[in-house]
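Quick notes on the structure that follows.
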Amino acid sequence: MILESPRVVISIDLDYFFAQCEEIRRPELKSKPLVVCVFSGRTQTSGAVSTANYVARKLGVKSGMPILSAKRVLAQHKEAEFLPIDHDYYERVSERVMQLIKSHSPIFEQVSIDEAFIDVTDSTKTDFEVGKSIGLKIKEEILDAEKLTCSVGIGPNKLIAKMAADHKKPDGLVVIKPEEVSAFLSPMPIGKLIGVGPKSESKFEKMGIKTIGDLSDFDVNSLSDQFGKNLGPSFKRLAQGLDTDPVRPRPIEQLSRIITLKKDAESLWFGDELKPLSIYLSDKLKSLNAKCRVVGIIAITSELKTKNKARTLDHLTNSSDEILHNCLELFQGFFDSSGIEVFRIRRVGIRVSGIDLEKAEGKNESENQSTLTRFLLF
DNA sequence: AACAAGGGTTTAG
DNA sequence: TCATCTAAACCCTTGTT
């Protein structure tokens, strides 16, 4: 019985992308520890590591680490570089790479600034050897055109393609044919399964599930009890290597913008800081030819707990004034609630969702979609 | 029972 | 002061139809 129609899916993941972009324009950095940082502006070193090259990673630098910790880890390495993130530059590089990848198949999905899938079932006629040669060609073209390395995975669906790409990094290429899926997945530790993070991993551990193989034949009802009636069965299917999610462009569902305050707030003194955020989101909506129905705020407390509020409007909007006005009212709700719960706010942001793409004049649906994809990132 | 709205959690990069 | 930023998927509760 055929449960899933055979596909050939390629996952392309640009290696340590932001740091590699910095290495392109300053090749002398390649041999040094290189750390791309998001400075928050509170102090000279406050902020987090966005990504680091493999020289820095081997010395212990990790994504998400406080910049100060990375500085300590690299204290002995006077030559280490800490560069501020330059998103516009990475965006331009990414855009060219994505065009190149897209030229290999019309069935294309950009997952993030440095990651994409293509479905090459048709052009390969399901021959994985042909799929492999397309993967090699893409690696070669990206290297020639942009001097960037990437990791490529080829499999019968997105899950396997992605895990194959993760399997050999950097600059790898791994092909997993349908008949190899089980042997590939089964022995892997459960934390390697896409979608299983630290929280789920420790839950699985308590249930005696150590490997993906353990999960693949675990009782589905117990999984539903632990993870919910959607996620539980879904985890089991993934562990079996089953994934029917098609390669296709994802429509934008929400846009948000968040900043770190110079000082934690106990009152609404930061209202002025929100205005540029509302203008940014308004401009973004307009450039997408879109409007939103839901306006929300995000607050992260001094204890790093996230709080959200949102309201649904009775109409669509893309007006920055209207977005801002609604956000300010929502923030009031954090402060004038007669104080059972008091907290200080470290970071604040605004979000629009319920996004409605308007029909653009003289553009068909797919042109509309690609405009959308281009604006997806920052 | 089915659905919408609002808020929290987890994951990924 | 160690602790960025963006987006999606899912979970739960509550209220409405």
Side-chain angles (χ1 to χ4, degrees), chain A residues 11 13-19 35-52 62-73 84-85 87 90-91 94 109-116 162 165-166 169 191 193-203 224 226-235 238 245 250-264 277 280-281 284 293-314 330 333-334 344 346-355 375-378:
Chain A
S11 166
D13 190 343
L14 298 165
D15 298 322
Y16 62 103
F17 182 52
F18 297 173
V35 184
V36 177
C37 304
V38 183
F39 292 102
S40 71
R42 288 205 148 190
T43 66
Q44 280 288 312
T45 59
S46 68
V49 171
S50 178
T51 191
K62 297 207 160 56
S63 288
M65 179 183 257
I67 294 166
L68 197 53
S69 306
K71 295 225 170 198
R72 286 180 187 138
V73 165
I85 192 165
H87 212 283
Y90 314 143
E91 190 70 40
S94 168
E109 175 178 341
Q110 184 171 349
V111 179
S112 70
I113 192 166
D114 63 355
E115 224 187 308
K162 170 137 193 62
D166 287 346
K169 284 185 163 196
L193 186 65
I194 301 301
V196 176
K199 302 284 182 178
S200 305
E201 184 178 5
S202 69
K203 268 172 108 173
S224 296
Q226 286 297 311
F227 296 98
K229 66 187 202 29
N230 226 317
L231 206 46
S234 157
F235 272 146
L238 293 176
D245 192 27
R250 304 275 146 177
I252 289 180
E253 310 215 328
Q254 57 168 257
L255 298 168
S256 67
R257 203 75 171 149
I258 184 167
I259 55 167
T260 301
L261 296 171
K262 292 274 175 287
K263 281 202 69 177
D264 290 3
L277 308 187
Y280 177 89
L281 292 185
K284 180 58 55 98
R293 191 177 299 279
V294 181
V295 176
I297 60 170
I298 307 146
I300 292 164
T301 68
S302 39
E303 290 78 36
L304 302 183
K305 290 293 236 175
T306 304
K307 307 225 172 255
N308 299 290
K309 277 188 191 298
R311 66 164 53 140
T312 303
L313 310 177
D314 60 6
L330 287 166
F334 277 145
R344 289 184 304 171
R346 178 189 176 89
R347 303 168 61 207
V348 296
I350 71 182
R351 166 157 55 220
V352 295
S353 56
I355 289 176
F375 276 98
L376 190 118
L377 312 140
F378 282 60

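Chain naming here is simple, since letters A, B, ... match the order of the sequence lines and numbering starts at 1 in each.
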Q.
Counting only side-chain nitrogens and oxygens, does A:R257 get under 4.0 Å of the OP1 or OP2 atom of C:dC5?
A. no
Q: Over 60° means perpendicular and under 30° means parallel, so classify the ring planes of A:F18 and A:Y90, tilted if in between.
A: parallel
Q: Would you please confirm or rule out a distance under 4.0 Å between OP1 or OP2 of C:dC5 and any side-chain N or O of A:T260?
A: yes
(Q) Rounded to whole Å, please give me the gap between CG in A:L255 and P in C:dC5. (A) 17 Å
Q. Looking at A:K169 and A:D13, does any basic side-chain N land under 4.0 Å from a carboxylate oxygen?
A. yes
Q | DNA chain C: 5'-proximal contact among A:E253 and A:A48 (nearest heavy atom) | A | A:A48
Q) Is there a side chain to side chain contact (heavy atoms under 4.5 Å, CB included) between A:T51 and A:V35 once you walk through the steps? A) CA-CA 6 Å; A:T51 191; A:V35 184; over 6 Å; no
Q. For the pair made of NZ in A:K229 and C1' in C:dC11, what is the distance, rounded to whole Å?
A. 11 Å
Q: Please name the residue in the list A:I67, A:T45, A:I85 that meets the side-chain contact (heavy atoms from CB on, under 4.5 Å) test with A:F39.
A: A:I67
Q: Please tell me which of the listed nucleotides, C:dT4, B:dT10, C:dC11, lies nearest to the side chain of A:S40?
A: C:dT4
Q. What is the distance from NZ of A:K62 to P of C:dT4, rounded to the nearest Å?
A. 18 Å
**Q.** Integer-rounded Å distance: C:dC5 P and A:I85 CD1
**A.** 10 Å
Q: May I have the distance from A:E115 (atom CD) to C:dT6 (atom P), rounded to whole angstrom?
A: 19 Å
Q: Between C:dC11, B:dG13, C:dC5, spot the one nearest the side chain of A:K162, thanks.
A: B:dG13
Q | Carboxylate-amine/guanidinium contact A:R347 A:D264, below 4.0 Å | A | no
Q: May I ask you to say what A:S200 touches in the nucleic acid, namely base, sugar-phosphate or nothing, with a heavy-atom cut-off under 4.0 Å?
A: sugar-phosphate
Q | Nucleotide nearest A:L68 when distance is taken to its side chain, options C:dA7, B:dT9, C:dC2 | A | C:dC2
(Q) Any base atoms under 4.0 Å from A:D114, or only sugar-phosphate, or nothing? Heavy atoms, all strands. (A) sugar-phosphate
(Q) Less than 4.0 angstrom between a side-chain N/O of A:S46 and OP1 or OP2 of C:dT4, yes or no? (A) no
Q) Looking for any heavy atom pair under 4.0 Å, which part of the strands does A:F227 touch: base, sugar-phosphate only, or nothing? A) sugar-phosphate
Q: Using a heavy-atom cut-off of under 4.0 Å over every strand shown, decide if A:V49 touches base, sugar-phosphate, or nothing.
A: nothing
Q: Kindly confirm or rule out a cation-pi arrangement of A:K307 over A:F334, judged by NZ or CZ under 6.0 Å from the six-membered ring centre and within 45° of its axis?
A: no
Q: Could you check A:K162 against A:E115 for side chain to side chain contact (heavy atoms under 4.5 Å, CB included), going step by step and ending with a plain yes or no?
A: CA-CA 10 Å; A:K162 170 137 193 62; A:E115 224 187 308; 3.0 Å; yes
Q) Which part of the nucleic acid, if any, lies within reach of A:G64 when heavy atoms closer than 4.0 Å are counted: base, sugar-phosphate only, or nothing? A) base
**Q.** Candidate nucleotides B:dT10, C:dC11, C:dA9, ranked by approach to the side chain of A:L231 - the nearest
**A.** C:dC11
Q: Tell me which of A:S234 and A:R346 sits closer to the 5' end of DNA chain C, going by the nucleotide each one is nearest to.
A: A:R346
Q.
Taking any heavy-atom pair under 4.0 Å as a contact, classify A:S256: base, sugar-phosphate, or nothing.
A. sugar-phosphate
Q) With respect to the side chain of A:R72, which nucleotide from C:dT1, B:dG13, C:dC2 is positioned closest? A) C:dC2
Which atom pairs link the protein and nucleotides 4-6 of chain B when you take only N or O atoms and keep those under 3.5 Å?
unit_1, atom_1, unit_2, atom_2, d
B:dG6, OP2, A:T312, N, 3.3
B:dG6, OP2, A:T312, OG1, 2.4

Q) Can you tell me how far P of B:dG7 sits from CD1 of A:I300, to the nearest Å? A) 16 Å
Q. Nearest of C:dA9, C:dC5, C:dT1 to any side-chain atom of A:R347?
A. C:dC5
(Q) Counting neighbours of NZ on A:K203 that are heavy atoms of other residues, nucleotides or ligands and sit closer than 6.0 Å, is the number greater than 12? (A) yes
